[in-house]
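Quick notes on the structure that follows.
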Amino acid sequence: MAAFKTLDDIEVANKRVLLRADLNVPMKDGRITDATRVERVASTIAELAAKKARVIVLSHFGRPKGRDTTLSLAPLAPALAAATGGQKVAFASDCIGPEAEKAVAALKPGEILLLENTRFHAGEEGNDPGFARALAALGDIYVNDAFSAAHRAHASTEGLAHLLPSAAGRLMQAELEALAKALESPARPVMAIVGGAKVSTKLAVLEHLIDKVEVLVIGGAMANTFLLALGASVGKSLVEPDLVGKARDVMVRAESKGCELALPSDAVIAAKLEANAPHETVRVTAVPDGWMILDVGPDTAAAIADRLAACQTLVWNGPLGAFETKPFDESTLAVARAAADLTREGRLVSVAGGGDTVAALGAAGVEDAFTYVSTAGGAFLEWMEGRELPGVAALKR
Ligand code: 3PG
Ligand code: MG
C-alpha cells in the first residue's frame, strides 16, 4: 500500500473536490511566460472533470501582502481552460466567503472553477484554523497536486488535509514516485550534481547527500569555495571565504563516509561575466589574479560524463557554470546531453529539479529525455536536504 491515497482510491463523482494546484507561474505584463506548471496539473483536472467531480481549483500566486490586483489568478482561468482542452473554467474573485460559496453552488458535475489567490488572506500563510475551515466548507474532498508548494505549511497546502478526506493528485503522485526512485530506493551507484552560486544555500543539501550517494559532483561558483579551501587561488571569482571551514568539513565527512567528492580540475575563466567575453581554459590551480572562473572546463565535463556512465541514477540541482551567458553554458550543456543519452539508452534514471536546472536542460534541448524533471524550486531543495515536506506529510495515511 502506498503511503498516500491517489485518485485511484477515491470516489469523486458529483463530489466537490478542492484541488490545490501550484499556478505560481512566471508572468510578465499579465502574460504567462512559462505555462509548464499549468500544463502539468491539467491532466489531474481533466481526469477529475471526466469522472464528474465538481472541480474547485485553489492556488497561491506571488507573495501578496493582502489583496493585490496585480497578483490576481484571473488570467490563469483561460490558461487552465486551454490546457484542459478547451473546457470552460469559471472564476470567483475570492477563495472563501459568499463570492466563493455562490460560485461553488453553481458548479455542475464535471465543471471547473478557479478561486482567487489564497494568499489574499493572511490565514493562508498563517495556516489559520478558521481560514482552513472556511476553505474546507467549500468541498467534500481535498486533492493536493502542488508538490512545488509542499514545503509550505499553509492552510491550502497542509491544513486542509486534516479537515477533509485527502489524496495526492497525479502530478504530486508522479513527483513523489520519481523522487523515491532517485534517493529513497535508487539503483546504485548514485551520482548527485550540485551546482549554483553559493555553498551557503546548499550546505544542508551537501550534508544530506554525503550519506545518500556514491558520487557527489560540485560545480558552479560554489565549487570555488571548495577550491579555496584546498589552497587554490581563485582570482576574483565569486567565492564565500567565510565558508571555507564548512567546505573543509564537507570534504572530511565525505571522505570518512566513502562518498567520492568530485571537484573541477579545469575551468573556463574570463576577466568579466559578459556574453562572449575573451576567455581561456586553465587548470583550477592556475587562475591568474583579475580573472574569474565562469564554468567548469571541458576535462571536468568529460570526467563527469565518464563517471556518470558507470552510475545508475543521477540527481541534479544547479548548473555547473554561468549557463545564462555564452559560452559559459558549455559544460552544463555537455553533461546534460550525456545524461540524456544514457537515459535514452535505458542505462540511467535521471531526475533534475530547480528553476535554473530546468532552464539549462531546456537550453540543451533534453528536458523530455530525462526520467523526471521537477518544476519545484524550494520544495525540491528541501527534499534534497532530506526534510519531510509538510504538504506531503499531511497526505500520508
Ligand atoms: C514556488 O514557486 O517555488 C512555489 O510556488 C512556492 O512559492 P513561494 O516560495 O512563494 O512559497
Ligand atoms: Mg520559491
Side-chain angles (χ1 to χ4, degrees), residues 18-28 31-42 44-45 57-68 70-76 79-80 83 95 114-128 131-132 135 143-161 168-169 171-172 174-176 178-179 196-198 201-202 204-205 316-319 351-362 372-385 387-395:
L18 285 172
L19 174 68
R20 182 42 157 107
D22 186 353
L23 302 179
N24 190 30
V25 293
M27 218 186 287
K28 200 168 182 264
R31 279 173 185 277
I32 298 168
T33 54
D34 179 356
T36 310
R37 283 180 171 174
V38 178
E39 285 151 13
R40 289 206 184 172
V41 79
T44 299
I45 296 175
V57 183
L58 295 170
S59 178
H60 75 286
F61 186 74
R63 293 174 177 173
K65 297 275 162 266
R67 189 169 276 275
D68 175 350
T70 66
L71 295 174
S72 171
L73 276 174
L76 269 299
L80 276 179
C95 65
L114 172 63
L115 301 181
E116 182 58 286
N117 195 345
T118 51
R119 286 190 185 169
F120 284 1
H121 295 268
E124 164 70 337
E125 293 183 64
N127 203 354
D128 172 68
F131 177 70
L135 287 175
V143 173
N144 188 350
D145 219 14
F147 175 82
S148 48
H151 57 317
R152 308 293 182 207
H154 295 173
S156 71
T157 60
E158 203 274 348
L160 270 179
L171 179 56
M172 174 73 91
E175 190 99 32
L176 293 176
L179 298 186
K198 288 181 167 176
T201 57
K202 303 273 170 92
V205 170
W316 188 349
N317 175 265
V351 174
D356 284 350
T357 316
V358 176
L361 297 185
Y372 195 78
V373 177
S374 173
T375 63
F380 190 83
L381 220 54
E382 289 197 20
W383 166 76
M384 275 185 111
E385 293 173 354
R387 287 161 66 169
E388 171 144 85
L389 308 183
V392 174
L395 282 183

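For ligands, and for the atoms within them, numbers begin at 1 and follow the listed sequence. Predicted model, so just to flag it, every value in this text is computed and none were measured.
- Annotation: side chain of T375 is not in contact with side chain of D34 (no heavy-atom distance under 4.5 Å).
- Two residues are said to be in side-chain contact when any heavy atoms from C-beta on lie closer than 4.5 Å; L171 and D22 fail this criterion.
- For ligand 1 and S148, the ligand atoms under 4.0 Å from any heavy atom of the residue are 4 (C), 6 (C).
- Counting only heavy atoms from C-beta outward, the side chains of L160 and N144 never approach each other to under 4.5 Å.
- With a 4.5 Å cut-off on side-chain heavy atoms, K202 and N317 count as touching.
- For A174, the side-chain contact (heavy atoms from CB on, under 4.5 Å) test picks out Y372, with sequence neighbours left out.
- Within the structure, ligand 1 has R119 among the residues with a heavy atom less than 4.0 angstrom away.
- The contact set between ligand 1 and N24, taken as ligand atoms under 4.0 Å from a residue heavy atom, comprises 1 (C), 2 (O), 4 (C), 5 (O), 7 (O).
- Using a non-hydrogen distance threshold of 4.0 Å, R37 registers as a contact of ligand 1.
- Each of the atoms 8 (P), 9 (O), 11 (O) of ligand 1 lies under 4.0 Å from some heavy atom of R152.
- Using a 4.0 Å cut-off to heavy atoms of D22, the atoms of ligand 1 that qualify are 4 (C), 5 (O).
- Listed by number with element, the atoms of ligand 1 under 4.0 angstrom from any heavy atom of R63 are 8 (P), 9 (O), 10 (O).
- The salt bridge (Lys or Arg N to Asp or Glu O under 4.0 Å) check on E175 picks up nothing, with sequence neighbours excluded.
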